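Remember, predicted model here, so these are calculated numbers, not experimental data. We use all heavy atoms of the structure for the numbers below, so side chains are in, but hydrogens, waters and symmetry mates are not.
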Amino acid sequence: MEPLVILTGPTAVGKTSLSLSLAKVIGGEIISADSMQVYRHMDIGTAKLPKEAMEGVPHHLIDCLSPDEPFSVAQFRQMATEAMEGVYRRGHIPILVGGTGFYIQSVLYDVSFEDEEDDGYREELERQAANGGAEELYDRLRALDPASAEAIHPNNVKRVIRALTYYHFHQAPISAHNEAQRKRQSAYNSAYFVLTRERGELYERINERVEEMFAEGLLEEVRHLTELGYDRATVAMQGLGYKELLAYFRGEATLAEAKERIKRETRHFAKRQLTWFRREKETIWFDRSERSEQDILTEMLQILRQKEILHVG
């Protein structure tokens, strides 16, 4: 089987720095497993790494789509698989880096969604969400698939729509599908690394990151997106940081309220990410509150050698 390294964890845990160090040591190329960094013009709010900070490490699935283009897990799997084929041809090792667990699962277990034909249902849900019906969609999901509703934040409109779409096509909850996938064997010779931190420290890092985003120009970034014509009808604008500032621009919240909502919702998002990764099997956890990056990197390399993902010498 082809080698695959996964480096994930909740937002703000510290994946980026470690991923660059790991890639440089093992000859890796990074494939973003993030549902928002694929969009152009959405840089600060998605914590996108500037090209000049990539330290020469190739990155894939970043800045591929306009904010008004749809991006599903099926599209991610196809794009990620194609990118990985190129990485293998170059004799390198792909490293999936990001916090979208469902996307990682689709690649790791080679999950196909080709049986879901486009009958306009997803577009219907997107229109409903854009017209103020996101809460109603979440209530529908809670009735059809309580387990998924528990795992998905009400503001994560993309995942709510994804779960409802799956139920529409399969007449079965996507939560049951996810549990079944976790029992499958990986399609790759893989190492699944998950970073975590002490909760209080993680939440403080999230709060600090939000403050940094505002200092870097998040407000101006969202304003620019609205000037380009992107608004609530654009699903990508339902992402964390964007939805809350759209409410500010519409006079529905003060700037201080919008900022606090972003911090709160991001903390909730991180908690749900950790819940997802705890359900995954064969994960290898590292607590960044207790161990240095170099210490973690050293143990990662030992594990990769043991798994023969990285050959000695």
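- Nearest heavy-atom pair, Lys15 versus Gly99, reported as atom, atom and distance to 0.1 Å: CE-N, 4.2 Å.
- Ser190 has its side chain out of reach of Val5: every pair of non-hydrogen atoms, C-beta onward, lies at least 4.5 Å apart.
- For Asp145 and Ser148, the side-chain atoms include at least one donor-acceptor pair closer than 3.5 Å.
- Counting only distance, with no hydrogens or angles, the side chain of Arg77 and the backbone of Tyr103 share no donor-acceptor pair below 3.5 Å.
- Interatomic distance, CG of Leu61 versus CE of Met79, reported as 4.5 Å (0.5 Å rounding).
- Between the side chain of Ser17 and the backbone N or O of Gly14 there is no donor-acceptor pair closer than 3.5 Å.
- Side-chain atoms of Arg140 and Gln128 include a donor-acceptor pair closer than 3.5 Å.
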(request) Could you walk me through whether Ile161 and Thr165 pass the side chain to side chain contact (heavy atoms under 4.5 Å, CB included) test, one step at a time? (result) CA-CA 6 Å; Ile161 290 175; Thr165 302; 3.8 Å; yes

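- Proximity of a side-chain donor or acceptor of Thr234 to a complementary backbone N or O of Ala236 within less than 3.5 Å is not detected.
- Salt-bridge check for Lys263 with Glu211: passed, with a basic side-chain N closer than 4.0 Å to an acidic carboxylate O.
- In this structure, the side chain of Ser66 does not engage the main chain of Glu69 through any donor-acceptor pair within 3.5 Å.
- Neither side chain, Thr11 nor Gln273, offers a donor N or O lying under 3.5 Å from an acceptor on the other.
- Taken from CG in Leu245 to CE in Met213, the straight-line distance is 11.0 Å, to the nearest 0.5 Å.
- Under a 3.5 Å cut-off, the side chain of Ser289 and the backbone N or O of Glu198 do form a donor-acceptor pair.
- Not a single donor-acceptor pair under 3.5 Å links the side chain of Glu280 to the backbone N or O of Phe277.
- Taken from CD in Glu2 to OH in Tyr88, the straight-line distance is 5.0 Å, to the nearest 0.5 Å.
- In terms of modelled atom types and a separation under 3.5 Å, the side chain of Glu257 and the main chain of Thr254 share a donor-acceptor contact.
- Inter-residue side-chain proximity for Trp285 and Asp287 is flagged as unmet; no heavy-atom pair is nearer than 4.5 Å.
- Ile296 and Leu202 fall within a single hydrophobic cluster, where Ile, Leu, Val, Met, Phe, Trp and Tyr are joined by side-chain heavy atoms under 4.5 Å apart, directly or via other members.
- Under a hydrophobic clustering in which Ile, Leu, Val, Met, Phe, Trp and Tyr are joined whenever their side-chain heavy atoms come within less than 4.5 Å, directly or via other members, Ile62 and Leu18 fall into the same cluster.
- Here Arg291 pairs with Glu299 in a salt bridge; the nearest charged N to carboxylate O distance falls below 4.0 Å.
- When side chains are defined from C-beta on, Leu297 counts as touching Leu22, because their heavy atoms get closer than 4.5 Å.
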(request) Give the C-alpha distance, both sets of side-chain angles, the deciding distance and a yes or no for side chain to side chain contact (heavy atoms under 4.5 Å, CB included) between Ser72 and Arg122. (result) CA-CA 10 Å; Ser72 66; Arg122 177 186 291 274; 4.1 Å; yes

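- Atom-to-atom distance recorded for Met36:CE and Gln238:CD is 9.5 Å, nearest 0.5 angstrom.
- Taking a cutoff of 4.0 Å between a charged side-chain nitrogen and a carboxylate oxygen, Glu244 and Lys259 do not qualify as a salt bridge.
- A salt bridge links Asp63 with Lys48: the distance from a Lys NZ or Arg NE/NH1/NH2 to an Asp or Glu carboxylate oxygen falls below 4.0 Å.
- Note: the hydrophobic cluster containing Leu4 also contains Ile93 (ILVMFWY, side chain heavy atoms under 4.5 Å, direct or indirect links).
- Salt-bridge annotation for Arg232 and Glu252: present, with a side-chain N of the basic residue lying under 4.0 Å from a carboxylate O of the acidic one.
- Taking CG of Leu218 as the start and CD of Glu221 as the end, the distance is 6.0 Å to the nearest 0.5 Å.
- Side-chain contact between Glu204 and Arg209 is absent, with no heavy atoms from C-beta onward closer than 4.5 Å.
- Within the 4.5 Å cutoff, side-chain heavy atoms of Leu49 are placed close to those of Leu20.
- The hydrophobic clustering, which links ILVMFWY residues whose side-chain heavy atoms are closer than 4.5 Å, places Phe102 and Ile6 together.
- Here the closest heavy-atom approach between residue Gln75 and residue Pro70 is recorded as OE1-O, 3.2 Å.
- Between the side chain of Arg272 and the backbone N or O of Ile152 there is at least one donor-acceptor pair closer than 3.5 Å.
- Taking each heavy atom of Asn189 and Ile309 in turn, the nearest pair found is O-CD1, 3.4 Å.
- Ring geometry for Tyr39 versus Phe71: interplanar angle over 60°, hence perpendicular rather than tilted (30 to 60°).
- In terms of heavy-atom proximity, Ser21 sits nearest to Glu293 at OG-OE2, 3.2 Å.
- Although no hydrogens or angles enter the test, the distance criterion places a donor-acceptor pair under 3.5 Å between the side chain of Arg205 and the main chain of Ala12.
- Nearest heavy atoms, Met237 versus Asp231: CB-O, 3.4 Å.
- To the nearest 0.5 angstrom, Phe269 atom CZ is 10.5 Å from Leu274 atom CG.
- Enclosure of atom CD in Glu216 by more than 12 non-hydrogen atoms of other residues, nucleotides or ligands within 6.0 angstrom is indicated.
- Using a 4.0 Å cut-off between charged nitrogen and carboxylate oxygen, Arg90 and Glu29 count as a salt-bridge pair.
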(request) Please step through side chain to side chain contact (heavy atoms under 4.5 Å, CB included) for the pair His60 and Val87, ending with a clear verdict. (result) CA-CA 10 Å; His60 307 274; Val87 174; 4.1 Å; yes

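- Heavy atoms from other residues, nucleotides or ligands lying under 6.0 Å from CD of Glu227 number more than 12.
- A 4.5 Å side-chain heavy-atom check between Glu282 and Tyr192 finds every atom pair outside the cut-off.
- Put simply, the side chain of Ile95 does not reach to within 4.5 Å of the side chain of Ile31, judged on heavy atoms.
- Taking every heavy atom of both residues into account, Leu125 and Leu164 meet most closely at CD1-CB, 3.7 Å.
- Electrostatic pairing of Glu201 and Arg197 counts as a salt bridge here, judged by a charged N lying under 4.0 Å from a carboxylate O.
- In this structure, Thr8 and Leu195 have side chains that are not in contact, with every pair of non-hydrogen atoms separated by 4.5 Å or more.
- Residues Val235 and Phe249 do not share a hydrophobic cluster, clusters being chains of Ile/Leu/Val/Met/Phe/Trp/Tyr side chains in contact below 4.5 Å.
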(message) Go through it in stages, so that I can follow the logic: the residues are Thr100 and Arg159, the test is side chain to side chain contact (heavy atoms under 4.5 Å, CB included), and I'd like the CA-CA distance, side-chain angles, deciding distance and then a yes or no.
(response) CA-CA 10 Å; Thr100 309; Arg159 282 195 64 194; 5.8 Å; no

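- In this structure, the side chain of Thr266 does not engage the main chain of Ile206 through any donor-acceptor pair within 3.5 Å.
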